[in-house]
Amino acid sequence: MISINCLVRQASGNHFRVLHHDQYNKVYFVIDLENSRFPYSVEVENLENKLSSGEYSIIDEPNSSLNSLDHLTEAQILKRDNAWKVIQRIIEFSEEEYLLFYSRHRKKVINKSAVHFGISKNTVRNYLIKYWKNGMTLDAMTPNYFNCGGKGREKKNTSSKRGKPRMDGSTGINVDDSIKKKFKMGLNRHYYTDKQNSLRTAYELTIKDFFTIKEQDPNGSEVYVIENPKLIPTYDQFRYWFRRANDQKKEISTRLGSRVYYQKHRSITGDSTNDAGFGPGSLWQTDSTPLDVHCVSTTNRNLLVGKPLLHLVIDVYSRVIVGFSLTFESLNAYSGAMNALLNSMTSKEEFCRRYQIDVGTDWNVACVPQRIFTDRGELESSQIENAIEYLGISIQNSPSYRPETKAIIEQSFLQVMQRISPHVDGAVVSGNKLKERGERDYRLYANLTIYELTQILIKCIIFYNHHHVIKDYELDESMVESGIEKIPMQIWNHGLQIAKGSLRTLPSDFVKMHLLETDEALVTSRGLKFKNMLYINQFSLKNRWFEKARLKTWKVKIWFDPTELSKVYFYDVDNKQFIEFDLLDHLTKYKNKNIVEIETMSQEDNKRIRESSERELNEKMRLFQEIEEIVEIGKSKTEKEKDPNLSNAERLRDVRKNRREEKELQRDLNYNRLEVDDINEVSEGLTLFRNVRNEVEGD
């Protein structure tokens, strides 16, 4: 039972290590592990009896005593190797290693080794004891730095001051239970609050609350004064006890709010696939996030329009992305989620054709789910009530600030972004990291419109559905037997083949009727007016809507997709069908544009009109000045030539005759193309002629 180097536990709880068996003297040499002393002898019979009775027991070597070279620093390795050299020399100096257990021989060897290495006898003694205690191997000489300082253990209160002595010679105080209680109260009052005070501010306010007294200043006002500056705890002590007792959840929740804690600092656990056992189409997850790619305007690529909002809808059972939308709608707007759901429940061929992509059967997923699991936001409103009631869908909202319950959809966002960002300029690479000085601004490199980015997304989704390997997906027995790979579309098709999921479909018009947004449009003589755009179709022409609107306009209810206003829909009650209204031909610049792009175009038009109006006003000021200058010249000449002797009646007489003569004069001037000086001479001659004529007629 007893072997050399084994560990023995005594009834008292102390331990010793067996170092040598002296068969001649029938003793074992052992060393006490709890005390720093040389080995001592124990009779073989006595030790065996205690082991047999159970008073002593042999235990396994604890793993904490083993050291790995990977965890040692260079300084530890150097100290270990130097100590090992001393041990090896001690063994060489000793004729037999077992003689070291006898004090007379051991003393000589220790003295000789100390002189040889130029170190103290105590150092040699400590090396030798450490060698025996730790198992008599090279690793036994590794410095036990982890034992230094009693890390993690609270020190006992004594009369002497703990810690490093101060440079100024002052003593300071120990932190006892009463001071720790004051620390706790101070932290609750001044640190664990939404005011977000710094730890130093909380310390200073704690000193004010518990270590000051009120005194009167020379003006008679009460002021706070530290009672005894030498008997207050330091900031380092306050920080030390704060770190020992701090609860991270409490700190973040009280200072920044529970929302920040659950979003960014809680543990991420959970499984969002528990309810997906019914197969494809039984449970969908949907969510939205700003896509980290900056776009340029569709109408003017010099304009930056920021990051669009991506809505994804994914089937939980198969992980197939069944639909999406990319818009500039606000984060919790219903329109973005509506468009994603509409895309998920209807055929993708027409949608992809708008983006010049022929999907064929690569994305032939169109069904109505039983349930939709979503965040509390865009689907938690009165607008979704019709979809719940008429489409037979139940909406389940996830708990607030618990994204791990929608782990599948969150991972899908990551997969999509990883495929886009390496190839797209304007992608946000560093997330919300503060921009360093001189760092490139990725927004200035944006060069894609939302149309082009949607094309990329369609390609990425088709790749994901048909080729992405879901490494953490657990295949069931039927999937393993059928050789199904962990690829979304293979899992989807397998679920349908074994009748585990039966897809539910509804007419596309019916789905549109309950998912599209509704509003009122005005029937005018120029067309159906909505958002300052005009629409027309054969139905309205046949029923003479616009002729009737010349007498009186009226409003009708329409359905529309805010992401694409090339068409709006009107429900014909008589024929019970949706009727498309198309944008007028002269407004084709708004075709395939969403509300945000149309508003941007309108803003650009208004901006150009405003700039042109400003230039017009400036030029008009110049025109006014030039007109006034000509008027002043004419006025001055008229004043010089005006005959004060003519009455008003005389001036008004013979206007027709004067106009006829002026006409002849102008013809003559235009015919001969006379210069200004010639015109003046002719004008003077004409004036002389008129004066002579008047004198003759007067006689």
Side-chain angles (χ1 to χ4, degrees), residues 280 284-298 301 305-315 318-329 336-337 339-367 408-429 442 445-471 473 485-493 561 563-564 566 591-594 597:
W284 286 357
Q285 284 187 9
T286 179
D287 202 0
S288 61
T289 187
L291 191 65
D292 284 337
V293 178
H294 284 264
C295 294
V296 296
S297 171
T298 306
R301 289 181 180 264
V305 293
K307 298 187 289 187
L309 187 70
L310 173 63
H311 282 261
L312 279 184
V313 184
I314 192 167
D315 180 69
S318 63
R319 313 292 176 87
V320 167
I321 296 178
V322 294
F324 81 102
S325 73
L326 190 67
T327 67
F328 284 109
E329 300 296 321
N339 202 57
L341 292 176
L342 181 63
N343 179 254
S344 304
M345 299 179 195
T346 56
S347 173
K348 311 298 186 295
E349 290 186 22
E350 181 182 353
F351 169 76
C352 293
R353 201 176 298 121
R354 279 166 40 191
Y355 295 93
Q356 301 176 357
I357 297 175
D358 183 14
V359 292
T361 59
D362 289 340
W363 201 9
N364 56 345
V365 177
C367 63
I408 293 176
I409 195 73
E410 299 287 345
Q411 185 65 23
S412 299
F413 285 126
L414 179 62
Q415 291 291 335
V416 169
M417 196 58 210
Q418 284 179 344
R419 285 168 175 78
I420 293 177
S421 58
H423 312 285
V424 175
D425 296 329
V428 182
V429 177
Y442 40 77
Y445 292 84
N447 51 28
L448 294 178
T449 64
I450 191 172
Y451 180 88
E452 294 157 345
L453 196 54
T454 303
Q455 290 178 313
I456 294 174
L457 277 171
I458 293 173
K459 298 285 188 181
C460 289
I461 289 173
I462 293 174
F463 170 84
Y464 172 89
N465 287 343
H466 287 272
H467 304 288
H468 175 65
V469 179
I470 314 170
K471 296 179 181 179
Y473 190 94
E485 299 179 55
K486 295 183 177 183
I487 294 175
M489 211 63 205
Q490 290 192 25
I491 299 172
W492 172 279
N493 292 331
D561 178 358
T563 64
E564 212 286 287
S566 299
K591 194 172 183 179
N592 296 326
K593 303 292 191 301
N594 57 43
E597 290 175 315

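All of these numbers come straight from a predicted model, not from anything done at the bench. In what follows, every heavy atom counts, from backbone to side chain, and hydrogens, waters and symmetry copies are set aside. Just so you know, residue 1 is the first one in the sequence shown, and it goes up from there.
Within the 4.5 Å cutoff, no side-chain heavy atoms of V320 are placed close to those of P280. Counting heavy atoms from C-beta on, the side chains of Y464 and R319 come closer than 4.5 Å. Using a 4.5 Å heavy-atom threshold, the side chains of P290 and P308 count as separate. In this structure the side chain of N465 never reaches within 4.5 angstrom of the side chain of I487, judged on heavy atoms. Two residues are said to be in side-chain contact when any heavy atoms from C-beta on lie closer than 4.5 Å; V296 and V305 fail this criterion. Contact annotation: the side chain of V293 approaches that of L453 to within less than 4.5 Å [non-hydrogen atoms, C-beta and beyond]. For the pair S297 and T449, the minimum side-chain heavy-atom distance is 4.5 Å or more.
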Which donor-acceptor pairs under 3.5 Å do side chains of residues 358-365 form with protein atoms, sequence neighbours excluded?
residue : atom : partner : partner atom : Å
D358    : OD1  : G360    : N            : 3.4
W363    : NE1  : I321    : O            : 3.1

Practice task
Decide yes or no on side-chain contact (heavy atoms from CB on, under 4.5 Å) for N339 and N343, but give the supporting numbers first.
Solution key: CA-CA 6 Å; N339 202 57; N343 179 254; 5.6 Å; no

Exercise for the section: Show the numbers, then the answer: is there a side-chain contact (heavy atoms from CB on, under 4.5 Å) between L448 and V424? Expected result: CA-CA 8 Å; L448 294 178; V424 175; 3.6 Å; yes

Problem - Test log, rule side-chain contact (heavy atoms from CB on, under 4.5 Å), inputs L457 and L310 - result: CA-CA 10 Å; L457 277 171; L310 173 63; 3.9 Å; yes

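Listed by first then second residue, pairs satisfying salt bridge (Lys or Arg N to Asp or Glu O under 4.0 Å) with a partner in residues 452-470 read R301-E452, not counting sequence neighbours. Listed by first then second residue, pairs satisfying salt bridge (Lys or Arg N to Asp or Glu O under 4.0 Å) with a partner in residues 461-471 number zero, not counting sequence neighbours.
The OG1 atom of T289 sits 9.5 Å away from the CG atom of L312 when rounded to the nearest 0.5 Å. The distance from atom CD1 of I314 to atom OG1 of T286, rounded to the nearest 0.5 Å, is 10.5 Å. Residue Q455 holds its CD atom at 12.0 Å from CD1 of I450, rounded to the nearest 0.5 Å. Here I357 contributes atom CD1 and T454 contributes atom OG1; the two are 9.0 Å apart, rounded to the nearest 0.5 Å. A distance of 10.5 Å separates CG of L341 from OG1 of T346, quoted to the nearest 0.5 Å. The CE atom of M489 lies 7.5 Å from the OG atom of S318; values are rounded to the nearest 0.5 Å.
Here F351 pairs with F324, Y355 under the ring-ring contact (aromatic ring centres under 6.0 Å, His included) rule; sequence neighbours left out. Every side-chain contact (heavy atoms from CB on, under 4.5 Å) that E350 has, sequence neighbours left out, goes to R353. Annotation: salt bridge (Lys or Arg N to Asp or Glu O under 4.0 Å) contacts of E485 (sequence neighbours excluded): none. Residues satisfying the side-chain contact (heavy atoms from CB on, under 4.5 Å) test with S344, not counting sequence neighbours, are W284, V313, V322. The ring-ring contact (aromatic ring centres under 6.0 Å, His included) test applied to H466 returns no partner, not counting sequence neighbours. Listed by chain and residue number, nothing satisfies the ring-ring contact (aromatic ring centres under 6.0 Å, His included) test with Y473 (two or more places apart in sequence, or in another chain).
Nearest heavy atoms, I420 versus C460: CG1-SG, 3.9 Å.
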